[in-house]
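Can you read through this structure? Questions will come right after.
Proteins come first, then strands; the chains are lettered A, B, ... in the order of their sequence lines, and each starts at number 1. Source: prediction; values computed, not measured.
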Amino acid sequence: MSPRCKVMDTLLKLSRAYIIQNRKGFRQMTKTEFTPPPNFIRNIVLDDMKSGRFGGRVLTRFPPEPNGYLHIGHAKSICLNFGLAAEFGGLCNFRFDDTNPSKEDVEYVESIMADVRWLGFDWGDRLYYASDYFNRLYQWAVQLIKAGKAYVDHLSADEIREYRGTLTAPGKESPYRNRTVAENLELFERMRAGEFVDGACVLRARIDMASPNLNLRDPVLYRIKKESHHRTGDRWCIYPMYDYAHGQSDSIEGITHSICTMEYEDHRPLYDWFLDELGIYHPRQIEFARLNLSYTVLSKRKLLKLVEEGYVAGWDDPRMPTLAGIRRRGYTPEAIRNFCERIGVGKAEGLVDVQFLEYCLREDLNRRALRVMGVLRPLRVVLENFPEGQVEELEAVNNPEDPAAGTRKIPFSRVLYLERDDFMEQPLPKFYRLAPGREVRLRYAFFIKCVGVVKDSTTGEVIELRCTYDPATRGGGAPDGRQVKATLHWVSADHAVEAEVRLYDRLFTKANPGEDKDGQDFRAFLNPKSLEVLKPCYLEPSLAQALPGTPYQFERMGYFCLDAKDSRPAALVFNRTATLRDAWAKSLNAGKKG
RNA sequence: UGGGGUGUCGCCAAGCGGUAAGGCACGGGUCUUUGGAACCCGCACUCGGAGGUUCGAAUCCUCCCACCCCAGCCA
C-alpha cells in the first residue's frame with residue numbers, strides 16, 4: 001500500500017468512526033459539517049489505489065459531445081469526475097467527443113466550456129478532442145483489418161439492421177464478412193480517399209453475429225460522411241463511431257477510470273474488446289445511474305423541442321434545467337455542486353425531488369444573499385400623521401447571517417407601498433398581518449395601524465390604505481413593551497425604483513413528465529403558469545445599483561437576481577430564483593386540501 | 001419467451017453475517033423586528049416477495065415478482 005493510500009485509509013476510518021460516534025447519540029454533526037456519502041465508484045477507486053492497479057494514479061475525464069447545452073444531469077457527471085480526481089490527488093481531462101460532424105458545432109463547444117468553468121472546475125491545459133485522434137484511430141483500424149478483426153461491408157443500413165437479428169433471434173453474417181485482408185485494406189483506404197458515396201459501405205468489427213449482446217454483432221467502426229467537421233474541416237470523410245473512438249481515446253490519454261452512465265454497461269464488453277485486440281493500455285469503464293429530476297425533463301431531444309417549439313424563450317430560459325438557464329435564474333455553482341455531492345452516486349435509477357435541489361439552493365443563498373425590500377404587488381398606503389415632505393433615514397441590516405455585510409440606510413416617508421397580500425379586509429383566522437384597526441410593524445421602521453380603507457367606487461377593489469404611525473416605535477421597538485404579531489416589508493413611494501419581476505414555477509405539472517407511459521407526450525404536462533411577469537414592482541433605492549450575478553433576498557418574498565440578459569439600467573428586470581419557505585402559504589394550501 | 005442492470009421510510013441514500021446511519025419532505029416545539037434562518041423532539045421491529053442456510057440474514061443460497069437499458073452508418 002502506498003503512503004498516500006494509508007493516509008486515505010486512515011481518514012476514511014476516522015470519518016466512519018465519527019459518524020458512528022454521532023449515531024451513538026453525540027449528534028455533533030451539523031449541516032455545515034456535512035460529509036459526502038460514500039459511493040461504489042469511490043470504493044472502486046480506493047481499491048485500485050490499494051492494489052496499485054494503475055500505479056496509484058487517478059485520471060478521469062468529462063467527455064461531452066458538442067451537440068447541445070449542458071444541463072443539471074451533466075453537472076452530476078462533472079462533479080463526479082472532477083471531484084473524484086481532486087479527492088485522490090489526480091486530474092480530470094476535458095474532452096470533446098466530436099466524432100459526428102453532422103450534429104456538432106463550435107457554438108456548443110464554447111457554451112459547454114463556459115458552463116463547466118462557471119460550475120467551478122478548472123481543467124488547466126487538459127483540453128482534448130476525440131478528433132485529434134483520428135489519425136491514430138485510423139491506424140488502429142488498419143491494424144484490426146490486418147488481424148482479420150475488421151472488414152468493409154457493402155450492406156446497406158437497412159440490410160445491416162435485418163442481418164443483425166433481434167433481441168431473441170441471432171443475426172446472420174454479411175456476405176462481405178470473409179473478404180481477404182488485402183481486399184479490406186484496399187477498400188478501407190478507398191473509403192478514406194473519398195471514392196465512395198455516403199452510406200455505400202462501412203468498416204465493421206468481426207466479432208460474433210450470434211452474440212446475445214447486440215453490441216457485439218459486428219458493430220460499425222467507421223461510416224462515410226462527406227461533411228465538414230468543426231475542427232478537422234474536410235480532411236476526413238470517414239468518421240469513427242462512439243464505441244470505436246471512446247475507449248481508444250481514453251487509452252491514449254491514460255485515463256484510469258472511465259465513468260459513464262448505465263446505458264453504456266452493455267457496451268463495456270466492446271470497450272474491452274477493442275483495447276484487448278489492439279493490445280494497448282486499458283482503462284476501467286464504470287457505469288452509474290444518471291440523474292432524473294422531478295418536474296422537468298433532462299433529455300437533449302426533449303429540451304430541444306421546448307426551445308424549437310417556443311415553449312421557452314431559449315436554452316437559457318430561467319425555467320430550463322440547463323446550466324445556462326439555471327445560472328440565469330440565479331442558482332449558484334456552490335448550490336449545484338453541493339446538490340450533486342449530496343444526492344450520491346449509485347446504479348439504481350431514481351427521481352430526485354426538485355425540492356431537494358431548492359433546499360441546497362436556499363441553504364447557500366441564505367448565508368450570502370443581501371437582504372433588501374421590494375414590493376411585488378403594490379398597495380398604496382398613506383400615513384395620515386406623518387408630515388408631508390419629511391423623510392426619515394432608517395438603518396437596515398444587510399445580512400443577518402453575516403454581520404460583516406454591514407448596514408444601509410433606507411428612506412421612509414408619508415406614502416408607502418405595502419404588499420397586497422399583507423392586507424386583508426376580513427382577516428382569516430391565522431392571518432396576523434394588516435387588517436382594519438390592526439397594528440403591525442414595518443421592518444426597521446415604525447408600528448403602523450390601519451385606520452381606513454379606500455376602495456374603487458365601481459369595482460369595490462381596495463386601492464389605498466389610510467394608516468397612522470407611532471413615532472415612539474422608530475426602529476421597530478415599542479417603549480411600552482407593546483407587541484405586534486407581524487413585521488411587513490415596505491418601500492417609500494417617492495424613493496422607490498421601478499422594476500419588472502419575473503416569477504417562475506416548475507415547468508411541468510407532473511413529477512415525471514418524460515416518463516412516456518401510454519404514449520402521453522411530455523408537452524401535455526407543461527405548466528401554463530410557469531412564468532408570471534409582475535410590473536410595476538417597487539424596490540428600495542439601493543437596488544438601482546444591483547449587480548448581475550449577485551443574489552438578493554427580497555425580505556419575506558424570496559431570492560432574486562438581476563436578469564443578466566434583459567435588464568437595462570432604465571428598465572430593471574429581476575428573476576425570482578426561489579421562494580422562501582412560507583409557513584402561512586403552506587397552511588393555506590393544507591387548508592385547501594383538507 | 002435473448003442479454004445486461006436495479007429493487008432499503010413519501011424522495012435521495014448508508015449498510016458488505018452481529019441485530020436498520022444521515023439528508024430532504026412531513027408532524028410537534030423553542031426562539032425570532034423576515035410566518036425566513038437557527039435550535040430541539042418525533043418519524044422503517046424492518047430492507048420487492050416466498051422459501052432455505054445460520055446461534056444470528058437487508059447482507060449467503062434457491063425460486064418468484066416489478067422496473068430500467070439494448071435491435072443508430074447517434075453519443
query: Can you find a donor-acceptor pair, distance only, under 3.5 Å between A/R433 side chain and B/G35 base?
result: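 Yes.
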
query: How would you label the contact of A/R441 with the nucleic acid (heavy atoms, under 4.0 Å): base, sugar-phosphate, or nothing?
result: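 A/R441: base contact, heavy atoms under 4.0 Å.
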
- request: Using distance alone, with no hydrogens and no angle criterion, decide if A/K225 and A/S102 have a side-chain donor and acceptor under 3.5 Å apart.
  value: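 Result is yes, a qualifying pair exists.
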
message: Does A/H489 reach a base, just sugar-phosphate, or nothing at all? Heavy atoms under 4.0 Å.
response: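 Since no nucleic acid heavy atom lies under 4.0 Å of A/H489, the category is nothing.
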
query: Does NZ in A/K172 sit with more than 12 non-hydrogen atoms of other residues, nucleotides or ligands closer than 6.0 Å?
result: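 For A/K172, atom NZ is not crowded (no more than 12 foreign heavy atoms under 6.0 Å).
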
- prompt: Nearest to the side chain of A/L214, which nucleotide is it out of B/C12, B/G2, B/A14?
  reply: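 Closest of the options to the side chain of A/L214: B/G2.
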
Euclidean distance for P, B/G22 against B/G15 (whole angstrom):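 Comparing P positions in B/G22 and B/G15 gives a spacing of 15 Å.
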
message: Counting the atoms with a prime plus P, OP1 and OP2 as sugar-phosphate, which does A/Y444 contact under 4.0 Å by heavy atoms, base, sugar-phosphate, or nothing?
response: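 If one applies the 4.0 Å heavy-atom cut-off, A/Y444 turns out to touch a base.
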
Any side-chain donor near an acceptor of the partner, A/H246 and A/R61, under 3.5 Å: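 There is such a pair (donor and acceptor under 3.5 Å, judged by atom type) between the side chains of A/H246 and A/R61.
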
task: Name the orientation class of the two ring planes belonging to A/Y538 and A/Y417 (parallel below 30°, tilted from 30 to 60°, perpendicular beyond 60°).
output: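 Because their plane-to-plane angle is under 30°, the rings of A/Y538 and A/Y417 count as parallel.
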
Pairing residues for A/Y128 by the ring pair (Phe, Tyr, Trp, His ring centres under 6.0 Å) criterion, not counting sequence neighbours: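 With neighbours one apart ignored, the set is empty.
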
field: Touch class at under 4.0 angstrom, heavy-atom based, for A/Y432 against every strand present
entry: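 Base contact.
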
Distance-only side-chain donor-acceptor flag, A/N213 / A/S211, under 3.5 Å: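 Short answer, no.
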
task: Using salt bridge (Lys or Arg N to Asp or Glu O under 4.0 Å) as the criterion, list what pairs up with A/E65, not counting sequence neighbours.
output: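 Salt bridge (Lys or Arg N to Asp or Glu O under 4.0 Å) list for A/E65, sorted by chain: empty.
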
- request: Answer with base, sugar-phosphate or nothing: what part of the nucleic acid does A/V440 contact at a heavy-atom distance below 4.0 Å?
  value: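 Contact class for A/V440: none.
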
- request: Could you check whether A/Y242 and the base of B/A75 form a stacked pair, meaning centres closer than 5.5 Å and planes differing by less than 30°?
  value: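 The ring of A/Y242 is not stacked on B/A75.
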
task: Just label B/G7 as syn or anti from its O4'-C1'-N9-C4 or O4'-C1'-N1-C2 angle, using within 90° of 0 for syn.
output: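 Here B/G7 takes the anti form, which means its glycosidic angle is more than 90° from 0.
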
field: Partners meeting ring pair (Phe, Tyr, Trp, His ring centres under 6.0 Å) with A/Y151 (sequence neighbours left out)
entry: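 Here no residue qualifies.
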
query: Below 4.0 angstrom from OP1 or OP2 of B/A75, is there any side-chain N or O of A/T99?
result: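 Answer yes for this pair, as a side-chain N or O of A/T99 is under 4.0 Å from OP1 or OP2.
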
query: For RNA chain B, which residues in residues 194-211 of chain A have a heavy atom at a distance below 4.0 Å?
result: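 Residues of residues 194-211 of chain A under 4.0 Å from RNA chain B: A/G199, A/V202.
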
task: Assign A/F431 to base, sugar-phosphate, or nothing according to its heavy-atom contacts below 4.0 angstrom with the strands shown.
output: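 Base contact.
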
task: Can you tell me the pairing partner of B/U62 across any strand shown, Watson-Crick or G-U wobble, with both distances under 3.5 angstrom?
output: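 Its partner is B/A50 (Watson-Crick or G-U wobble, both distances under 3.5 Å).
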
- prompt: For A/R371 and B/A37, is the shortest distance between a side-chain N/O and OP1 or OP2 below 4.0 Å?
  reply: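 It does not, given that no N or O in the side chain of A/R371 lies less than 4.0 Å from OP1 or OP2 of B/A37.
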
Give every pair of a protein N or O atom and an N or O atom of nucleotides 4-9 of chain B that lie under 3.5 Å apart, one pair per line with the distance.
residue, atom, partner, partner atom, Å
B/G4, O2', A/D266, OD1, 3.4

Neighbours of RNA chain B within residues 290-298 of chain A, by heavy-atom distance under 4.0 Å: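 RNA chain B contact set from residues 290-298 of chain A: none.
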
message: Using side-chain heavy atoms (C-beta onward) and a distance below 4.5 Å, is A/K449 in contact with A/C467?
response: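 A side-chain contact under 4.5 Å is absent here.
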
message: Counting the atoms with a prime plus P, OP1 and OP2 as sugar-phosphate, which does A/L270 contact under 4.0 Å by heavy atoms, base, sugar-phosphate, or nothing?
response: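 No contact.
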
field: Donor + acceptor pair across side chains of A/N67, A/E104 (<3.5 Å)
entry: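 No, no side-chain donor-acceptor pair sits under 3.5 Å.
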
- request: Can you figure out which of B/C70, B/G3, B/A14 approaches the side chain of A/N215 most closely?
  value: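 So the nucleotide nearest the side chain must be B/C70.
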
query: When we call it a touch if two heavy atoms are under 4.0 Å apart, what does A/P400 touch: a base, just sugar-phosphate, or nothing?
result: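 Base contact.
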
field: With A/E162 via salt bridge (Lys or Arg N to Asp or Glu O under 4.0 Å) - residues at least two apart
entry: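 By the salt bridge (Lys or Arg N to Asp or Glu O under 4.0 Å) rule, A/E162 matches no residue at all.
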
- prompt: At their closest point, which heavy atom of A/T407 faces which heavy atom of A/E395, and how far apart are they?
  reply: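 Result for this residue pair: OG1-OE2, 3.0 Å.
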
task: Assign A/N366 to base, sugar-phosphate, or nothing according to its heavy-atom contacts below 4.0 angstrom with the strands shown.
output: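 Base contact.
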
message: Within the structure provided, determine whether A/T232 and A/Y129 are in side-chain contact (heavy-atom separation under 4.5 Å).
response: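 No, their side chains stay 4.5 Å or more apart.
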
query: Can you say whether the rings of A/Y222 and A/Y138 are parallel (under 30°), tilted (30 to 60°) or perpendicular (over 60°)?
result: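 If you compare the ring of A/Y222 with that of A/Y138, the planes turn out perpendicular.
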
field: Any residue of residues 476-488 of chain A with a heavy atom less than 4.0 Å from an atom of RNA chain B
entry: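 Listed by number, they are A/G476, A/G477, A/T487.
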
- request: List for me each residue that meets ring pair (Phe, Tyr, Trp, His ring centres under 6.0 Å) alongside A/F522, sequence neighbours excluded, and say none if there are none.
  value: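 With sequence neighbours excluded, A/F522 shows a ring pair (Phe, Tyr, Trp, His ring centres under 6.0 Å) to no residue whatsoever.
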
task: State the pairing partner of B/U32; accept Watson-Crick or G-U wobble contacts with both distances under 3.5 Å, and report none otherwise.
output: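 Its partner is none (no Watson-Crick or G-U wobble pair with both distances under 3.5 Å).
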
field: A/F356, nearest nucleotide to its side chain (from B/C70, B/C24, B/G35)
entry: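 So the nucleotide nearest the side chain must be B/C24.
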
field: For A/R438, all residues meeting salt bridge (Lys or Arg N to Asp or Glu O under 4.0 Å), sequence neighbours excluded
entry: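 A/R438: no salt bridge (Lys or Arg N to Asp or Glu O under 4.0 Å) contacts found.
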
message: When the P atoms of B/G23 and B/C43 are compared, how many Å lie between them, rounded to an integer?
response: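 To the nearest whole Å, 13 Å.
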
- request: Hey, which sits more toward the 5' end of RNA chain B by its nearest nucleotide, A/N399 or A/A157?
  value: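 Whichever sits nearer the 5' end wins; that is A/N399.
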
task: Write down the distance between CE (A/M191) and P (B/C73), rounded to a whole number of angstrom.
output: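 The distance from CE of A/M191 to P of B/C73 comes to 13 Å, rounded to the nearest Å.
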
- prompt: Considering only the C1' atoms, how many Å lie between B/U59 and B/C74, rounded to the nearest integer?
  reply: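 Result for the C1' pair: 41 Å, nearest Å.
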
- request: Go through the side-chain N and O atoms of A/Y271 and A/D250 and say whether any donor and acceptor fall under 3.5 Å apart.
  value: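 Judged by distance alone, the side chains do pair up.
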
field: Under the salt bridge (Lys or Arg N to Asp or Glu O under 4.0 Å) test, residues paired with A/E392 that sit two or more places apart
entry: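 Partners of A/E392 under the salt bridge (Lys or Arg N to Asp or Glu O under 4.0 Å) test: A/R474.
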
- request: For A/M241, answer base if it contacts any base atom (sugar-phosphate contacts may also be present), sugar-phosphate if it contacts only those atoms, and nothing otherwise; contact means non-hydrogen atoms under 4.0 Å.
  value: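 It contacts sugar-phosphate atoms only.
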
task: Using a 4.0 Å heavy-atom cut-off across all strands, classify A/Q553 as base, sugar-phosphate, or nothing.
output: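 Counting heavy atoms under 4.0 Å across all strands, the contact made by A/Q553 includes a base.
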
- prompt: Tell me: CG of A/D421 to C1' of B/G35, nearest whole Å?
  reply: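 These atoms are roughly 13 Å apart.
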
message: So, OP1 or OP2 of B/G72: does either fall under 4.0 Å of a side-chain N or O from A/R164?
response: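 Answer yes for this pair, as a side-chain N or O of A/R164 is under 4.0 Å from OP1 or OP2.
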
I'd like a table of atom pairs between the protein and nucleotides 25-32 of chain B - only N or O on both sides, under 3.5 Å - with the distance next to each one.
residue, atom, partner, partner atom, Å
B/C26, OP1, A/K586, NZ, 3.3

- request: Could you please spell out the steps behind the ring-ring contact (aromatic ring centres under 6.0 Å, His included) verdict for A/F339 and A/Y331?
  value: CA-CA 11 Å; A/F339 169 75; A/Y331 275 68; 9.2 Å; no

- request: Check every strand shown and say whether A/L351 touches a base, only sugar-phosphate, or nothing at a heavy-atom separation below 4.0 Å.
  value: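 Result for A/L351 = sugar-phosphate.
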
query: Which value, in whole Å, describes the distance between the P atoms of nucleotides B/C61 and B/C12?
result: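 Roughly 26 Å separates the two P atoms.
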
- request: Mark yes or no for whether A/T473, through its side chain, and A/F447, through its backbone, hold a donor-acceptor pair below 3.5 Å.
  value: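 Flag set: sc A/T473 to bb A/F447 pair under 3.5 Å.
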
- request: Please figure out whether A/A583 or A/D153 has its closest RNA chain B nucleotide nearer the 5' end.
  value: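 Nearer the 5' end of the strand: A/A583.
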
Nearest-Å distance once atom C1' is located in both B/A44 and B/C39: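 The same atom, C1', in both gives a distance of 26 Å.
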
message: Please report the distance separating the P of B/A14 from the corresponding atom of B/G48, rounded so that it comes out in whole Å.
response: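 Looking at atom P only, B/A14 and B/G48 are 14 Å apart.
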
- prompt: If you look at every strand shown and take non-hydrogen atoms under 4.0 Å, does A/I343 touch a base, only sugar-phosphate, or nothing?
  reply: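 The residue A/I343 makes sugar-phosphate contact but no base contact.
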
